[in-house]
Protein chains: 2
Amino acid sequence: MDLFVSKYFNKIDKKGRVSLPSSFRNVLPKANKNEIILYKSIKTPSIEGCGVGRLKEIAKRINNLDFFSEDYDDFSTSIFSEIVTTNVDKEGRFLIPEELKLYAGIKTEAAFFGQGHFFQMWEPKQGLKNTEDSRRRLLKEKKSLRMMLTQQK
Amino acid sequence: MDLFVSKYFNKIDKKGRVSLPSSFRNVLPKANKNEIILYKSIKTPSIEGCGVGRLKEIAKRINNLDFFSEDYDDFSTSIFSEIVTTNVDKEGRFLIPEELKLYAGIKTEAAFFGQGHFFQMWEPKQGLKNTEDSRRRLLKEKKSLRMMLTQQK
DNA sequence: TGGGATTATATGGGCGTCAATGGGTATATG
DNA sequence: CATATACCCATTGACGCCCATATAATCCCA
């Protein structure tokens with residue numbers, strides 16, 4: 001499985017370390033197994049993360065913008081300076097930068113939510129509430145959800 | 001990781017030295033580990049920096065501008081003639097030329113912002129304000145920023 | 001197929017190393 | 001000779017690496 005799926009609730013220890021769920025670790029390419037990137041979610045008070053391969057994709061895309069345009073600077077600043085790289089230790093744990101913890105309101109426990117090609121980290125209660133809310137929103141448009149689930153490729 | 005990412009706030013000591021963030025040092029090619037180039041940003045009151053290898057890329061970008069336009073001369077002059085090379089000492093520190101410090105309003109502390117293939121140095125408060133502004137501009141076109149971050153290869 | 005044995009995962013803690021910072025002294029350069 | 005800069009050494013705190021344990025999952029064989 002090469003997708004981030006399911007949810008996990010892991011503790012943050014005294015040193016600030018938290019285990020990246022084992023199944024998430026397996027999604028990371030063996031080459032860059034020990035490095036992940038984290039950034040603030042645009043839409044929600046959560047942290048998003050993924051392997052470094054994704055960052056290189058983003059870099060390529062930004063590089064294709066007009067070098068002297070304002071957009072270039074805006075993207076470059078908003079993305080590269082906001083992204084942090086973190087090392088996963090041999091036990092599969094990593095440190096969440098203080099600023100990101102504040103942004104997400106995470107203190108002693110982090111909730112990991114698989115999102116396919118990336119994952120989100122939430123303060124547990126807020127994260128659960130968010131999944132309820134988003135499911136509720138989907139059910140309001142049952143038709144579109146049914147389509148999504150039953151449509152064949 | 002071979003990109004300048006994340007942000008750091010480092011102090012400038014009595015002698016004018018400042019540490020190049022460790023993760024930035026690792027981006028520099030091993031061959032020219034101890035040399036970086038600095039120049040005034042064209043669009044903002046900040047200093048931009050990168051490894052010497054990047055010079056060729058900058059030259060290429062400028063060459064892609066219309067040779068007979070006023071922009072060509074302006075960019076060419078503004079960038080190339082203003083470039084200074086600086087040596088990084090064994091502890092990873094370097095001196096910011098006085099003129100550049102004045103240009104960016106940097107005094108006792110420098111903020112380093114990763115920008116992918118180069119980095120920027122700001123007076124801390126101005127730098128933070130700049131990232132906020134630039135993010136605000138992008139969020140007005142939420143779709144484009146989101147695309148940049150989530151689009152799949 | 002039951003149940004003990006092995007492995008994996010999440011978690012805790014000690015300790016050495018490295019990064020950021022400060023300062024003294026040699027050396028270069030005009 | 002005077003100022004600026006490079007090199008060397010020292011300190012502090014953060015982080016990585018190693019070892020340890022408990023619980024959960026898996027295996028494997030009788």
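Excluded from the calculations below are hydrogen atoms, water molecules and symmetry mates; all remaining heavy atoms, backbone and side chain alike, are included. Residue numbers start from 1 in every chain, and the chains themselves are labelled A, B, ... in the order their sequence lines are given, proteins ahead of strands.
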Using modelled atom types only, decide if a donor and an acceptor are shared between the side chain of [X] and the backbone of [Y] within a distance under 3.5 Å.
X	Y	value
B/Y103	B/S41	yes
B/N10	B/V18	no
A/R25	A/K33	no
B/K43	A/S69	yes

Between the first and last five pairs of the helix from C/dT1-D/dA30 to C/dG30-D/dC1, the angle of the axes, rounded to 10 degrees: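 It works out to 50° between the end axes.
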B/N10 side-chain proximity, nearest of C/dG22, C/dG12, C/dT21: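 Selected nucleotide: C/dT21.
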Selected nucleotide, minimal atom distance to A/K11 side chain, candidates C/dG13, C/dG23, C/dT11: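 Selected nucleotide: C/dT11.
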Sugar-phosphate, base or nothing in reach of B/I12, heavy atoms under 4.0 Å: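 Touches nothing.
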[X] has an atom [atom1]; how far is it from atom [atom2] of [N], in whole Å?
X	N	atom1	atom2	answer
B/F94	C/dT21	CZ	C1'	15 Å
B/D89	C/dG24	CG	P	17 Å
A/Y8	C/dT11	OH	C1'	17 Å
B/K15	C/dA26	NZ	C1'	11 Å
B/R17	C/dA20	CZ	P	14 Å
B/D13	C/dG23	CG	P	8 Å

C/dT9 phosphate, OP1 or OP2, under 4.0 Å from A/S22 side-chain N/O: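 Answer yes for this pair, as a side-chain N or O of A/S22 is under 4.0 Å from OP1 or OP2.
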Contact under 4.0 Å: B/R25 side-chain N or O vs C/dA20 OP1/OP2: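 Answer yes for this pair, as a side-chain N or O of B/R25 is under 4.0 Å from OP1 or OP2.
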4.5 Å side-chain heavy-atom contact, A/I96 and A/I47: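 They are in contact (side-chain heavy atoms under 4.5 Å apart), so the answer is yes.
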B/F118 side chain near B/I58 side chain, heavy-atom distance below 4.5 Å: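 Contact flag for B/F118/B/I58 side chains = no.
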DNA chain C: 5'-proximal contact among B/F9 and A/N26 (nearest heavy atom):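 This one resolves to A/N26.
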Determine, for [X] against [Y], whether the closest basic-nitrogen to carboxylate-oxygen distance falls under 4.0 angstrom.
X	Y	value
B/K7	A/E99	yes
B/R135	A/E82	no
A/E57	A/R54	no

Range on DNA chain D touched by chain A - first to last nucleotide, heavy-atom distance under 4.0 Å: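 Going 5' to 3' along DNA chain D, contacts run D/dC15 to D/dC19.
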